[in-house]
Amino acid sequence: MSSEQQNTTNIPPIFLKPYEPSEHEARLYKMWEESGFFNPDICIEKGITKADAETFSIVMPPPNANGSLHAGHALFVTVQDIMIRYARMQGKRTLWIPGADHAGFETQIVYEKKLEKEGRSRFQMTSEELYAEIMQFTLANKDFMLGQIRELGASCDWSRLLFTLDPRVIDIVYKTFKQMEEDKLVYRGARIVNWCPKHQTSLSNLETKSVERKDPFYYFQYGPFVIGTARPETKFGDKYVVVHPDDTRYAEFTHGQQIELEWINGPITATVIKDEASDPDMGSGAMTITPWHSGVDFEIAKRHNLDYEQVIDWKGKLLPIAEEFTGMNIMEARAKIVEKLEAKGLLVKIDSEYMHSVPCCFKCEREIEPQIRDQWFVTTKPLAEKALGAVADKKVTFVTEAQERVFKHWLENIEDWNISRQIVWGIPIPAKICTKCGHGMVDLEDTITECTKCAGQVEKDPDTFDTWFSSGQWPLATTNYPDSQDFADYYPTSVMETGKDIIFFWVSRMIMFGLYRTGEVPFKSVYLHGMVLDKQGKKMSKSKGNVIAPSEIQSKYGTDALRMGLIVNNAPGTDMNLDPDKINANKKFANKLWNITRFVLDATADLPSGATLTEEDQANIATILTVNTTEITKYMNTDRFDLASEKIYHFVWDYFASELIEASKPLLASNDTAVRASRQALLAEYLVTSVKLLHPFMPFVTEAIWQELPKTMKDQDILMVAPWPTN
RNA sequence: GCGCGCAUAGCUCAGCUGGUUAGAGCGUUCGCAUGACAUGCGAAAGGCCCCAGGUUCAAAUCCUGGUGCGCGUACCA
């Protein structure tokens, strides 16, 4: 193209160089935000949306306000923004409520690591000091992170932003807690909990992870029995030996029989217990139990009303019951105990090939020490049953059936949920604890002064809630349950879109709490996306150095390219490998669209108004444009954004650009003005439709183009609220 | 151990309510400055659709078994 020819066209100068995302994204987001159209109330006010239009709502999973956004965040923002932009263009009353999560334990750990680096420790601070510092840290991160969500193009309603420590949230959580006490769905009791000796707090089952390991498995002579164990250090308190009632090897022993025997620190009296929990096929079929430090043993002890004795302290060191081993770290003690038992001739054999998996703290990977501790628990069975009922009744559906099966399996096998945490960063448990009998009483008004059970002294519960106890009520908080208009209009929300890794942590709890408080499910469908992995399919982690930061991708390739890269070829529920080459391919696609626009605007500069289409061009629209629009819409309606985006990509590139534009060149040069005008109108139609279809996926480049289109081509000033193409 | 899932082109993955020559992106090879675009255009190569059985006129697609991998969950006797 010569420079003279450039000057004779009316191509807006913006198109005379390649699409440069950084020149447009910030100004376009500002324009959207200032338009007010993220807020459905304003859309109605300005006549964009009908007041009685169908609603579409999503509650955003509030990102943890303790760092910057990772690729997983970028994925969920993208998927939800696609849903939201599509719904808005369809004319629905569309609401997306953003939030930010204080993220309890997670954030406290991030902050503790920071303290460690500074040579400080939370154990040298008062709770108030620590809380204040973490609050400051979290609020700073929150603003930073919300800025990054804006940069991803999220068209959420910022006027409804909610933080998980907002008084409104706490109020709902407290009322739920109180109501659950009345309904006997929470209780405080001494039960086995997952104790992390490093973090000095109990954890829910979900907050532990199994680590596969090979450990020596020891067989010891225990009076007339041979018992097996991988944990000799817990055996000081063992004075019960359990065998299966039907195990003929032990038929001579009776339940309750007492036996004198030589043990680690001298002679002891052991009692024989017959219980079906003992597996005859495992080892010798005889086992000793440590009720204070094992869930299974705890249950056996409970059944037979046996004694409990703590052997290991909260820091993971042996207590005085261990006599000469007192104060030793368990790993150090293990070897010494084995040595001693061997010297006493009580070591039978060692199996060095024993594989088992050990529950570890999901954050620090230190071995969990099961401990008995007075904690608050939720009785989950009745709540789970209601949730299962709602799934069975299709009140809530899952985007892939496989996810529904996983979900049901978990609910069917659910156990009581430990909801108290010994950390400061969280919502305090509003309760009084009896110093004498340990009884717990929910006390919202701070009025309880003595134990309702034993009239003993009470003190304030020092613990905080498991974050998921409050997060589970997030749909209620964000819609301002119970008396708000938002709750009436938008609850249950249309879809819960989140990562499949938190299906149990979060999705299940929201369904249980939603049903419990309101009688209705909190959302009608659950769309679970997979994990974003690196190019080779490995989990991204800082230590591996394979983390792809969204912000870096955005500055290199543009936000639209990142969004497309995250969506195309990523079927719902499956993990995806994020490959920068793929993002680069979509950067090129944005530029392609840019150049298509340049061509079409140039070719249609003298487009007469009201040009009629030739028969050929009418047929083209009917057989190609309409068909593609219909198919893409069908994919959108079934949440197959991976297929919809791929289809648009090929439609725009392979058909519109490669075929239609090429075929149009001779027609545009035609002397037949009717043919020429018809083709001009056809190209304009294709451009407008393409840009609309692409907008949910690539909001920035499409809006940038839209803003340059002549008014005659547009049915709205802002593409974000333009109507979705229909037939 | 139990549950869920995956196995298709060099790589990453679609397709799988069974039906013409199995698709895409990236990559590779060859050729092109073609008046929108070299962030481009045109072409090409590349696949016992994991294995073995079965159902069927017909199987990548459904069933059974096996192998390999991933995830979840239990068990520390």
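Only heavy atoms go into these numbers, but all of them, side chains included; no hydrogens, no water, no symmetry mates. A note on names: the letters A, B, ... follow the listed sequences, proteins ahead of strands, and every chain is numbered from 1.
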Enumerate, atom names and distances included, each donor-acceptor pair closer than 3.5 Å involving a side-chain atom of residues 402-416 of chain A, sequence neighbours excluded.
{"unit_1": "A/Asn413", "atom_1": "ND2", "unit_2": "A/His409", "atom_2": "O", "d": "2.7"}
{"unit_1": "A/Asp416", "atom_1": "OD1", "unit_2": "A/Thr380", "atom_2": "N", "d": "3.3"}
{"unit_1": "A/Asp416", "atom_1": "OD2", "unit_2": "A/Tyr187", "atom_2": "OH", "d": "2.8"}

message: Check for me whether A/Lys349 meets the cation-pi criterion with A/Tyr219, that is, NZ or CZ under 6.0 Å from the six-membered ring centre and within 45 degrees of the ring axis.
response: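 Cation-pi check for A/Lys349 and A/Tyr219: passes.
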
Over how many whole Å does the gap from [X] atom [atom1] to [N] atom [atom2] extend?
X	N	atom1	atom2	result
A/Lys587	B/G25	NZ	C1'	18 Å
A/Asp581	B/U28	CG	P	9 Å
A/Asn577	B/C6	CG	P	16 Å
A/Ile368	B/A74	CD1	C1'	15 Å
A/Ile548	B/U12	CD1	C1'	13 Å
A/Met576	B/G70	CE	C1'	17 Å
A/Leu16	B/G35	CG	P	17 Å
A/Phe504	B/A74	CZ	P	10 Å

Say we look at [N] and [M]: how far apart would their [atom1] atoms be, to the nearest angstrom?
N	M	atom1	answer
B/G35	B/C49	P	45 Å
B/G1	B/G19	P	36 Å
B/G27	B/A45	C1'	13 Å
B/C71	B/C32	C1'	49 Å
B/U17	B/U64	P	16 Å
B/G65	B/G5	P	14 Å
B/U29	B/A60	C1'	28 Å
B/C76	B/A9	C1'	47 Å

query: Tell me, which stems hold RNA chain B, with a stem being 3 or more Watson-Crick or G-U pairs in a row and both distances under 3.5 Å?
result: B:1-7 with B:67-73, B:10-13 with B:23-26, B:28-32 with B:40-44, B:50-54 with B:62-66

Residues which pass ring-ring contact (aromatic ring centres under 6.0 Å, His included) with A/His24, listed by chain and number, not counting sequence neighbours: A/Tyr19, A/Trp594

For nucleotides 2-5 of chain B, print each protein N/O atom paired with a nucleotide N/O atom at under 3.5 Å, atom names and distance only.
{"unit_1": "B/G5", "atom_1": "OP1", "unit_2": "A/Arg405", "atom_2": "NE", "d": "3.4"}
{"unit_1": "B/G5", "atom_1": "OP1", "unit_2": "A/Arg405", "atom_2": "NH2", "d": "2.5"}

Under 4.0 Å, counting only non-hydrogen atoms across every strand here, what does [X] touch: a base, just sugar-phosphate, or nothing?
X	value
A/Val296	sugar-phosphate
A/Ile661	base
A/Ala561	nothing
A/Asp279	base
A/Tyr354	sugar-phosphate
A/Arg334	nothing
A/Phe217	sugar-phosphate

Side-chain touch [X]/[Y], heavy atoms, less than 4.5 angstrom:
X	Y	result
A/Leu660	A/Asn620	yes
A/Pro572	A/Tyr527	yes
A/Leu601	A/Pro710	yes

Using 30° and 60° as the class limits, which term best fits the ring planes of [X] and [Y]: parallel, tilted or perpendicular?
X	Y	result
A/Tyr354	A/His356	tilted
A/Tyr250	A/Phe253	tilted
A/His529	A/Phe76	parallel

- prompt: Counting just side-chain N and O atoms, does A/Arg598 come under 4.0 Å of either OP1 or OP2 of B/U39?
  reply: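 Checking A/Arg598 against B/U39: no side-chain N or O falls below 4.0 Å of OP1 or OP2.
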
task: Give a yes/no on whether any side-chain N or O of A/Lys665 is located under 4.0 angstrom from OP1 or OP2 of B/A36.
output: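 A/Lys665 to B/A36 OP1/OP2: side-chain N or O found under 4.0 Å.
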
message: Taking the minimum atom-to-atom distance to the side chain of A/Ala230, which one of B/C76, B/A24, B/A14 wins?
response: B/C76

- prompt: With respect to the side chain of A/His650, which nucleotide from B/A24, B/C37, B/U39 is positioned closest?
  reply: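 Shortest atom-to-atom distance from the side chain points to B/A24.
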
task: Would you kindly compare A/Lys209 and A/Val242 by the position of their nearest RNA chain B nucleotide and give the one closer to the 5′ end?
output: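 Looking at the nearest nucleotide for each, A/Lys209 comes out on the 5' side.
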
field: A/Thr597 vs A/Gly228, nearer the 5' end of RNA chain B by closest nucleotide
entry: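 Counting from the 5' end, the first nearest nucleotide belongs to A/Thr597.
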
Quiz: residues 231-242 of chain A side-chain donor-acceptor pairs under 3.5 angstrom, not counting sequence neighbours:
{"unit_1": "A/Arg231", "atom_1": "NE", "unit_2": "A/Glu233", "atom_2": "OE2", "d": "3.0"}
{"unit_1": "A/Arg231", "atom_1": "NH1", "unit_2": "A/Glu369", "atom_2": "OE2", "d": "3.1"}
{"unit_1": "A/Arg231", "atom_1": "NH2", "unit_2": "A/Glu233", "atom_2": "OE2", "d": "3.4"}
{"unit_1": "A/Arg231", "atom_1": "NH2", "unit_2": "A/Glu369", "atom_2": "OE1", "d": "2.8"}
{"unit_1": "A/Arg231", "atom_1": "NH2", "unit_2": "A/Glu369", "atom_2": "OE2", "d": "3.4"}
{"unit_1": "A/Glu233", "atom_1": "OE1", "unit_2": "A/Arg334", "atom_2": "NE", "d": "3.0"}
{"unit_1": "A/Glu233", "atom_1": "OE2", "unit_2": "A/Arg334", "atom_2": "NH2", "d": "2.9"}
{"unit_1": "A/Thr234", "atom_1": "OG1", "unit_2": "A/Arg231", "atom_2": "O", "d": "2.9"}
{"unit_1": "A/Lys235", "atom_1": "NZ", "unit_2": "A/Asp238", "atom_2": "OD2", "d": "2.9"}
{"unit_1": "A/Lys235", "atom_1": "NZ", "unit_2": "A/Thr288", "atom_2": "O", "d": "3.4"}
{"unit_1": "A/Lys235", "atom_1": "NZ", "unit_2": "A/Thr288", "atom_2": "OG1", "d": "3.1"}
{"unit_1": "A/Asp238", "atom_1": "OD1", "unit_2": "A/Thr290", "atom_2": "OG1", "d": "2.8"}
{"unit_1": "A/Asp238", "atom_1": "OD2", "unit_2": "A/Thr288", "atom_2": "OG1", "d": "2.7"}
{"unit_1": "A/Asp238", "atom_1": "OD2", "unit_2": "A/Thr290", "atom_2": "OG1", "d": "3.3"}
{"unit_1": "A/Lys239", "atom_1": "NZ", "unit_2": "A/Asp307", "atom_2": "OD2", "d": "3.1"}
{"unit_1": "A/Tyr240", "atom_1": "OH", "unit_2": "A/Asp307", "atom_2": "N", "d": "3.0"}

query: Which value, rounded to the nearest 0.5 Å, describes the distance between A/Lys198 atom NZ and A/Cys360 atom SG?
result: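 Result: 14.0 Å between the selected atoms.
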
- prompt: For the atom pair CG (A/Leu687) and OG1 (A/Thr597), what is the distance rounded to the nearest 0.5 Å?
  reply: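 Result: 4.5 Å between the selected atoms.
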
Qualifying residue for side-chain contact (heavy atoms from CB on, under 4.5 Å) with A/Leu693, from A/Ile632, A/Asn628, A/Val652: A/Ile632

If you restrict it to nitrogen or oxygen atoms, what contacts under 3.5 Å exist between nucleotides 40-44 of chain B and the protein, and what is each distance?
{"unit_1": "B/G40", "atom_1": "O3'", "unit_2": "A/Lys592", "atom_2": "NZ", "d": "3.3"}
{"unit_1": "B/C41", "atom_1": "OP1", "unit_2": "A/Lys592", "atom_2": "NZ", "d": "2.8"}
{"unit_1": "B/C41", "atom_1": "OP1", "unit_2": "A/Trp653", "atom_2": "NE1", "d": "2.8"}

query: Can you name the nearest heavy-atom pair linking A/Met512 to A/Ala387, along with the distance?
result: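 Minimum heavy-atom contact is CG-CB, 4.0 Å.
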
